[in-house]
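Below you'll find the structure, written out as structure tokens, and then a few comments.
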Amino acid sequence: MVNLEVNLKGLSLKNPVMTASGTFGYGEEFDDFIDIDRLGGILVKGTTRHHREGNPYPRMAETPSGMLNAVGLQNKGVENFCNDIYPRIKHYNTNILVNVSGSTIEDYIETASMINELDRIPAIELNISCPNVKEGGMAFGTSCVSAASVVKAVRKVYNKHLMVKLSPNVTDISEIAKAVEAEGADSVSLINTLLGMAIDAESRRPLLSTITGGLSGPCVKPVALRMVWQVFRAINIPIIGLGGIMNAKDAIEFILAGASAIQIGTANFIDPQVTVKVVEGIKEYMIRHKVQNISDLVGALEIQ
Amino acid sequence: MVNLEVNLKGLSLKNPVMTASGTFGYGEEFDDFIDIDRLGGILVKGTTRHHREGNPYPRMAETPSGMLNAVGLQNKGVENFCNDIYPRIKHYNTNILVNVSGSTIEDYIETASMINELDRIPAIELNISCPNVKEGGMAFGTSCVSAASVVKAVRKVYNKHLMVKLSPNVTDISEIAKAVEAEGADSVSLINTLLGMAIDAESRRPLLSTITGGLSGPCVKPVALRMVWQVFRAINIPIIGLGGIMNAKDAIEFILAGASAIQIGTANFIDPQVTVKVVEGIKEYMIRHKVQNISDLVGALEIQ
Amino acid sequence: MKKLVQDFEVLHREELNDEHFTLEIRAYEPLPEIKPGQFVNVLVENSTQTFLRRPLSIHFVDYEKNSIKLYIKRIGEGTKKLGTLVSGDKLNLVFPLGNQYSIPSSSKTLLIGGGCGVAPLLYLAKHLKEAGNEVTTILGVRSAIDAVEMDAYKAYGRILVTTEDGSLGDKGYPTQHSILTNENFDYTFTCGPEPMMKAVARYAKEKNIPCEVSLENTMACGFGACLCCVTPTKTGNKCVCTEGPVFNINDLTW
Amino acid sequence: MKKLVQDFEVLHREELNDEHFTLEIRAYEPLPEIKPGQFVNVLVENSTQTFLRRPLSIHFVDYEKNSIKLYIKRIGEGTKKLGTLVSGDKLNLVFPLGNQYSIPSSSKTLLIGGGCGVAPLLYLAKHLKEAGNEVTTILGVRSAIDAVEMDAYKAYGRILVTTEDGSLGDKGYPTQHSILTNENFDYTFTCGPEPMMKAVARYAKEKNIPCEVSLENTMACGFGACLCCVTPTKTGNKCVCTEGPVFNINDLTW
Ligand SMILES: Cc1cc2nc3c(=O)[nH]c(=O)nc-3n(C[C@H](O)[C@H](O)[C@H](O)COP(=O)(O)OP(=O)(O)OC[C@H]3O[C@@H](n4cnc5c(N)ncnc54)[C@H](O)[C@@H]3O)c2cc1C
Ligand SMILES: Cc1cc2nc3c(=O)[nH]c(=O)nc-3n(C[C@H](O)[C@H](O)[C@H](O)COP(=O)(O)OP(=O)(O)OC[C@H]3O[C@@H](n4cnc5c(N)ncnc54)[C@H](O)[C@@H]3O)c2cc1C
Ligand SMILES: Cc1cc2nc3c(=O)[nH]c(=O)nc-3n(C[C@H](O)[C@H](O)[C@H](O)COP(=O)(O)O)c2cc1C
Ligand SMILES: Cc1cc2nc3c(=O)[nH]c(=O)nc-3n(C[C@H](O)[C@H](O)[C@H](O)COP(=O)(O)O)c2cc1C
Ligand code: FES
Ligand code: FES
């Protein structure tokens, strides 16, 4: 039989399929649709030190083969997560990762150290790339110096698997990846959303309350694939690839480009069962192509 | 009647609709389909100092709501343009702009000064952003210093309208725009293609001979609109907006975001008559919205 | 109430007037219990401009036929495409979504709908009647030709119409109907354009009776996963898709 | 030859076997002159995965009916969607595109087609016959069931078949047909999978007779504007859509 297991520097996944933060709630929202325990891992909502109301309505606009969002990290804060949500979801028999966001280094440190105490959370994903927060959430991810500084600070207080989520809104993503690798990141996930904008020509108004927002969905897949490929050749820690994955074929493309595991985001909105279908599709691909271990496909793009 | 005339710092267009370089050949390819004289201007193929064979086959891949290309500036060189092509196309009663590309500053200087001599070419578009050339074509557009240096050099030898085409593959496009404005650019056009990649999961091969290529079409529109909006607030010279424009509604969106004129690229492949339809559609919008001058719409996005 | 993703089969599309149509669709599996006010999220296939699903209220449920009826206004690509479906076509739904209108008992209830906001009211009227309430429905439309499905409402109570051009019923908006001054009600329920719902809310506040409104919003998922659909409430931002679409006006910041 | 963008109306779709079908489409305006080897670029509407047009060879032209016939193999989204069109549906074409096969006179011509590469050969056979040539067509298919439209070819000359499984005609590939060793020809024309065309080219070079092949490529525009469709030739990169799709093998780097 084919072996879908993935080992991300100590974090082991039963298969390479995870969910993308902010698109999968706390997992519970999908209980009616799928058996979450069949996934390699789930990334829960972006979590911050303090409660955040997020941005005003409207927060969403459809775009060609994609969508823009301006949720703005609405969440009840890390304490609420630890006390109320964690007890409710820790029963899942899959890896639960918390996406940690912040506006200051202190925020990140506080939040990460609180999550560090939770037995059933084997890893965090450090979100240094959210484009929807005014006070610097994205700025951290757009320069090597600031990206390194936040990873360095969090590394000191967080001793499990530290995944760092990179912003695609940069000139050279592999430089940023190298900088966070150097500070002890265990893996990198990419890409977060591309900064975009939508306008209603008739009303002459922006479609989002924040004017600009984060672009996701199949439209960003070519950019995401390119970045995974670039980063793969630049660093030695594992890569988690995402951006527009809608089916197993897309997932395989990311793996061939260099991703050890993948995340599925926007596709969950269109088909809440997509994640388990992708697990099955990857299996089917491996059987058809006589690939024994999924790891054999990682970065296996053939270039003459 | 509505007035569609646009004045781009001395370069006057009968309407804001131009074509994007590399997607409109030398104009002649569209003679069968439309009356080119009805357009505000046409941007002919990327032209370099020397003949270029371009990249090997395959050069194109379809993507969700877009395409990747890796043409690689195939052209016969500026001398051939001046001697063979220019005489053939100079009869068009519209603005013919030459997209000038290069690998070194000397290349840009040489090419621009030869085009400077052509009476019927009122402007060049300096392509410092083509992602398909290995030797630095894009590098110029991805740092303020190098962008400034090439504009400065060309400004010395080129004394007509100097439009500079910006790369979207940067962390902060408004910084680059400011840098080229400071060196005397008369206008900026944006965006060139986003660097992307496509893979065939079955054959495990990249779909382009160059592995990565330039993404265009509606999928990039949200990113392009956002960049036009950002640059509009950063500089004082006119902006020519492009990226995924398929119809008049899209064109209006770019104008509202801050573009004084627009270019249509990939859409020409799907409907070779799209440009004149957009001219008509803009007219119709202006009548319906009681807008007298197209310039009244430039940057007229309403923000509470 | 378990949410499902299921294919349905189109039984019948009925054109009501230029803009509106109903689509009756049958499930292959037995339908779960569906409450008035709930909605479905529909996948529009074979359309280049509908990447996300389209939320649509449940207009009616026929458990015998195992079918749901949708009441749809042609707006853009998605709804226009739905308006081309024919008997036998497939339609994929995520459903049933959202909360529901409250069902009082032995009360005099007033339902006010406008535009395609009338969609959830028919099924609500049925439930109200079954719970022993007296039901009065006012539909506000532009012109007589828009006053459709009158007989359906009649089955569950009294049906009144206002038209903007005065071609049928009282002239004006539904909140200007004479019955609002001539009679008293215990409960009011509304769905439609926001200005209309706000007028109904004002009326309810004046009369000091409960008022429930059904809000629309931009939705990506429809089941609480994306947080794209919030509306401000007195207790902070709430998801219209899970904590609504039905809200008591007392909870809103209106 | 002026290129046009025009709507056509589907007259008839005929299923030839599991994979292949023909689509006969009628122009609303009188058709321009169309040469054998030319192609059309078709807009596939109502499909999320076909952003660009799809190039398809012109299989046949009926000036009396003012119609064009396409011969299509179901490959992906685009061709599958075309395979659902029915009489009365509209189809938008950019056409006629590309160059053409040469038409000699009073010669013994050999046409070799494989897969959906047979598409342009029928119309070519007609032109060759009309110019007074003797026409022999060999179709290479997998199995007897794939040997379709035999009668149509017969109208213009001799039709031979090779099947990979030996269920009809000679067993093997079309370049292994016995006629190639038993007879001599003056001209050869081919269209199909590249390995097959290369085998035909080798045969033609051995026999020292002219050979024209029709190449495929990834196309964005189809009319020379994008330079996405180049093929290397002895005189540099050439556009398959304007300088081809038909090339004399002497010009290629094969
Ligand atoms: C809970 C809920 C229940 C609904 N019930 C019904 C119903 O029963 N019948 C019915 O006809 N319509 C209903 N709607 C509205 C319906 O979802 C939209 O009309 C539909 O999504 C438009 O899709 P489209 O592709 O036709 O138009 P688009 O091309 O997507 O949009 C056309 C215009 O409508 C606006 N719009 C698009 N989607 C929405 C949305 N989700 N909410 C608000 N505005 C939007 C766009 O901004 C645009 O201006 C409901 C909406 C919600 C949120
Ligand atoms: C000049 C020319 C004439 C042609 N004539 C015919 C014809 O008469 N009948 C016919 O059935 N087919 C013909 N083809 C091929 C036809 O264009 C492709 O089969 C079609 O574009 C596939 O579209 P799709 O959406 O079904 O598949 P897709 O989903 O787009 O692609 C499926 C597979 O086919 C490959 N492919 C897609 N487009 C092309 C292309 N343009 N060239 C080569 N490979 C491609 C893809 O890489 C992919 O692996 C011709 C191609 C050219 C260039
Ligand atoms: C509605 C929405 C909310 C998101 N919230 C977060 C978040 O809180 N933290 C984060 O790191 N990324 C967030 N993202 C980005 C996704 O995790 C993912 O990086 C992106 O959507 C690209 O993947 P996709 O194309 O598969 O959706 C969000 C995306 C969407 C669409
Ligand atoms: C096939 C192709 C070739 C192109 N060649 C050039 C070029 O030579 N010079 C240039 O500046 N941009 C070139 N571009 C980029 C376009 O001019 C334009 O910036 C980009 O395609 C975005 O616009 P669109 O989405 O309307 O196509 C090319 C684009 C395509 C698709
Ligand atoms: S639409 Fe996603 S949370 Fe409501
Ligand atoms: S397909 Fe565009 S030049 Fe040939």
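Everything numeric here is computed off the predicted structure, so don't read it as measured data. A, B, ... follow the sequence lines: proteins, then strands. Residue 1 opens every chain.
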Which heavy-atom pair separates B:Leu13 from B:Ala261 by the least distance, and what is that distance? CD1-CB, 3.8 Å
B:Leu166 to B:Ala177 - nearest heavy-atom pair and separation: CD1-CB, 3.8 Å
Top contributor to chain A contacts, counting heavy-atom pairs under 4.5 Å, from B:Ala257, B:Ala300, B:Gly244, B:Pro222: B:Pro222
Between B:Leu68, B:Ile252, B:Asp200, B:Val223, which residue shows the highest count of heavy-atom pairs closer than 4.5 Å to chain A? B:Val223
Need one label for A:Ala61: side chain, backbone, both or neither, based on atoms under 4.5 Å from any heavy atom in chain B. neither
Given the options [options], which has more heavy-atom pairs under 4.5 Å with chain B than any of the others?
| options | result |
| --- | --- |
| A:Ile211, A:Thr63, A:Leu301, A:Leu256 | A:Leu301 |
| A:Arg288, A:Met246, A:Lys249, A:His289 | A:His289 |
| A:Arg204, A:Lys221, A:Arg205, A:Met227 | A:Arg204 |

Nearest 0.5 angstrom please: A:Asn169 CG to A:Leu194 CG, how far? 5.5 Å
Check: B:Pro56 main-chain N/O paired with B:Ser209 side-chain donor or acceptor under 3.5 Å: yes
Are B:Lys178 and B:Glu175 ion-paired here, with the side-chain N under 4.0 Å from a carboxylate O? yes
I'd like to know if B:Lys277 pairs up with B:Glu280 as an ion pair, taking the criterion as any Lys NZ or Arg NE/NH1/NH2 lying under 4.0 Å from an Asp or Glu carboxylate oxygen. no
Contact class of [X] relative to chain A, heavy atoms under 4.5 angstrom:
| X | result |
| --- | --- |
| B:Ile255 | neither |
| B:Glu202 | both |
| B:Tyr285 | side chain |
| B:Ala224 | neither |

Are side-chain heavy atoms of A:Val274 and A:Ile264 found at a separation under 4.5 Å? yes
